[in-house]
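Data block below; observations after.
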Amino acid sequence: MTDNKQVLKFVNDSIALCKPDKVMWITGDEAQLESLRAEAMKTGELIKLNEKELPGCYLHRSALNDVARVEGRTFICTEKEEDAGPINNWMDPVKAYKEVGAIFNGCMKGRTMYVIPFSMGAIGSPFSKIGIEITDSIYVVVSMKIMTRIGDKVLEALGDSNDFVRGLHAKADLDESKRYILHFPQDNTIWSVNSGYGGNVLLGKKCFALRIASYQGKNEGWMAEHMLILGVQFPNGEIKYIAAAFPSACGKTNLAMLIPPELYSKKGYKVWCVGDDIAWIRIGKDGRLWAINPENGFFGVAPGTNMKSNPNALLSTKKNAIFTNVVQNLDNNTVWWEGMDKNPPKNALNWKGEKWDAESGEKGAHPNSRFTAPAINCPCISSEFEAPEGVPLSAIIFGGRRAKTAPLVYQSRDWNNGVFVGSIMASETTAAATGAVGVVRRDPMAMRPFVGYNMADYFAHWIDMGTKIAHKPKIFNVNWFRTDEEGKFIWPGFGDNLRVLEWILKRCEDKVDAIETPIGYVPKAEDINIEGLDIDVDTVKGLLDVDKATWKTEVEGIEEFYAQFGTKLPKELRKELDTLKAKLK
Ligand code: OXD
Ligand code: MN
């Protein structure tokens, strides 16, 4: 426990509101966690998996109506609506506390309230930030243990400081119509009720490390981004770091844990994973940008993860992991999902817990089924994973899932042009959020669902950061998802994406030329190494093609998107758009 008066006040206020029967402070002690897992097994909240094959691993099934982030019920509650901006849902904080407070009122009667002190970032790092999550869910407690650093040592690091995020979560009765994910950036507070899905309830992740942290970053001069961080090690041992933003379920975890093609690994190339989802980025004393991964685990999309697509992710799930909404193989009490291998189990339960037969043609795992796995399990985890100051960035990459418009890779002309490139990002939607899948939507910097304030001010913050960074990383855009006439992906992707990263890092050191196009610099086709691939230089030329007519249509979409920001849109971005239009003439 703690003497911190602000922490005690937060806990006591939450007790008065939720009225639990019992309160348990999570100490981080393994015996306490083990007794909670045992309790959750009794109620069916957790199912213990085969201890020999998957030691320390559990299966969890969510409610059928609760399988993804609910963007429509996620709100930014600021005094002025303008501070939330046109992209976010807004609620007046007074109304939010009152109306959603009524839902929390008494919702933990007959239950235990768990108090989880957690740190985003290594405990004691000057970049780290602390939160307290209060919850009525053991699944949340044991998942927070994987995804963050928890327990007494966090309270010790906090001391008597008031600088912590207050997170209150109750699964309550999982009533969809009363589900709310509320953020009060001006109060350092998050309220989440009536959900048990990771992205809505592991409050350290999207709610704190992106929405609240992006607001803190704007005020404190740093950036919280939806980015993986990876290191490419060259044969001479040197490692260069890249941060990359992609919308949800577009392969961030795969890229972060990339296995080099044999051609490269034989020469001594390696890729090290620092993080797969979130980067907190600051200007270092040396004038470069430095990034930490504030998380301690991976909350990855299961379907499609296999020993070919991402062996490192799969191996990360082999101990002390939690699987949510995957298939349970009843013969050996292990798990399976579509795209794991070609042998679906015969005797199995689907994600809903019903008897399931692959022959039925129905999917066994939910498309947004997940694994929660400790980062230290990852065979390619970077030696800098815990480095208090993080790693220096050579390049920033934006990317989306576009069948046609964007070329395989292009480089922005400079920082402001790079911010423009990030701001116009668009991607086809995926199952990570509820709603239609496969619809193209603008997702600036992959932060559309995660900026905790007005997106126009967020753009301005990016522009402003550029004026302060002495040694700026170069900014690129990639698109692994271009398709041919039959709708098949042209670029092989996965490990072969290293071939594109190689070009990017060469550009950062001025070691390779490029061709100027209206949208920025693209590689000369022959500078993308295709040795050992099944595609020829002409195919690469096609992948790098910038079609003026398509981009003219794209400009119309950008105009429309920008229009909603009115005069708040930074003039630098308007200028970049005008330049693009002129170059397309
Ligand atoms: C995630 C997401 O879970 O972006 O990382 O939805
Ligand atoms: Mn994400």
Side-chain angles (χ1 to χ4, degrees), residues 60 62 66-74 87 120 139-140 143-144 146-148 181 183 192 195-214 223-230 243-257 273-281 291 293-305 310 313 316-317 321-326 337 365-373 375 378 397-401 422 425 427-437 441 443-452:
H60 170 75
S62 74
D66 191 26
V67 291
R69 285 184 290 99
V70 278
E71 292 178 7
R73 305 204 61 92
T74 300
I87 303 282
M120 300 311 293
Y139 171 70
V140 168
S143 300
M144 285 293 282
I146 296 173
M147 294 305 296
T148 70
I181 321 296
H183 305 74
S192 164
S195 173
Y197 171 73
N200 299 327
V201 303
L202 305 181
L203 300 186
K205 194 174 179 62
K206 303 302 186 181
C207 300
F208 177 173
L210 288 177
R211 298 194 190 97
I212 297 287
S214 61
M223 302 157 95
E225 298 298 330
H226 192 199
M227 291 180 179
L228 65 91
I229 311 164
L230 64 79
F246 295 84
S248 305
C250 283
K252 279 213 301 298
T253 306
N254 291 347
L255 185 63
M257 299 178 190
C273 172
V274 182
D276 79 327
D277 196 42
I278 297 175
W280 284 0
I281 304 174
N293 167 14
E295 300 193 277
N296 200 29
F298 309 119
F299 181 60
V301 179
T305 305
N310 194 341
S316 304
T317 67
I322 300 173
F323 301 90
T324 303
N325 291 342
V326 298
W337 48 76
H366 186 275
N368 192 37
S369 55
R370 298 278 179 150
F371 54 80
T372 310
C378 181
I397 300 179
F398 297 118
R401 189 182 277 270
M425 254 171 79
S427 194
E428 291 153 24
T429 51
T430 67
T434 51
V437 169
R441 73 165 179 175
D443 191 350
M445 283 83 170
M447 284 287 281
R448 183 186 180 108
F450 305 123
V451 177

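Excluded from the calculations below are hydrogen atoms, water molecules and symmetry mates; all remaining heavy atoms, backbone and side chain alike, are included. Order of appearance sets the numbers: ligands from 1, and atoms from 1 within every ligand.
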Could you walk me through whether E225 and I278 satisfy the side chain to side chain contact (heavy atoms under 4.5 Å, CB included) test, starting with their C-alpha distance in whole Å, then the side-chain angles of each, then the deciding distance to 0.1 Å, before giving a yes or no?
CA-CA 6 Å; E225 298 298 330; I278 297 175; over 6 Å; no

Measure and list all N/O to N/O distances between ligand 1 and the protein that fall under 3.5 angstrom.
from	atom 1	to	atom 2	distance (Å)
ligand 1	3 (O)	R370	NH1	2.9
ligand 1	3 (O)	R370	NH2	3.2
ligand 1	4 (O)	K206	NZ	3.0
ligand 1	4 (O)	H226	NE2	3.3
ligand 1	4 (O)	S248	OG	2.5
ligand 1	5 (O)	K206	NZ	3.0
ligand 1	5 (O)	D277	OD1	3.2
ligand 1	5 (O)	D277	OD2	3.2
ligand 1	6 (O)	R69	NE	2.9
ligand 1	6 (O)	R69	NH2	3.1
ligand 1	6 (O)	S248	OG	3.2

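- In this structure, W280 and P294 have side chains that are in contact, with non-hydrogen atoms separated by less than 4.5 Å.
- S192 places no side-chain N or O within 3.5 Å of a backbone atom of V201 that could act as its donor or acceptor partner.
- Residues passing the salt bridge (Lys or Arg N to Asp or Glu O under 4.0 Å) test with E295 are K205, sequence neighbours excluded.
- At a cut-off of 3.5 Å, with distance as the only test, no side-chain donor of N325 or S369 sits close to an acceptor on the other residue.
- When side chains are defined from C-beta on, M227 does not count as touching M445, because their heavy atoms never get closer than 4.5 Å.
- Listed by chain and residue number, H183 satisfy the side-chain hydrogen bond (donor to acceptor under 3.5 Å, both in side chains) test with R211 (two or more places apart in sequence, or in another chain).
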Could you please spell out the steps behind the side chain to side chain contact (heavy atoms under 4.5 Å, CB included) verdict for F450 and R69?
CA-CA 11 Å; F450 305 123; R69 285 184 290 99; 3.5 Å; yes

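- The count of protein N, O or S atoms under 2.8 Å from the Mn ion (ligand 2) stands at 3, with waters excluded from the count.
- The shortest side-chain heavy-atom distance between M425 and M447 does not fall under the 4.5 Å cut-off.
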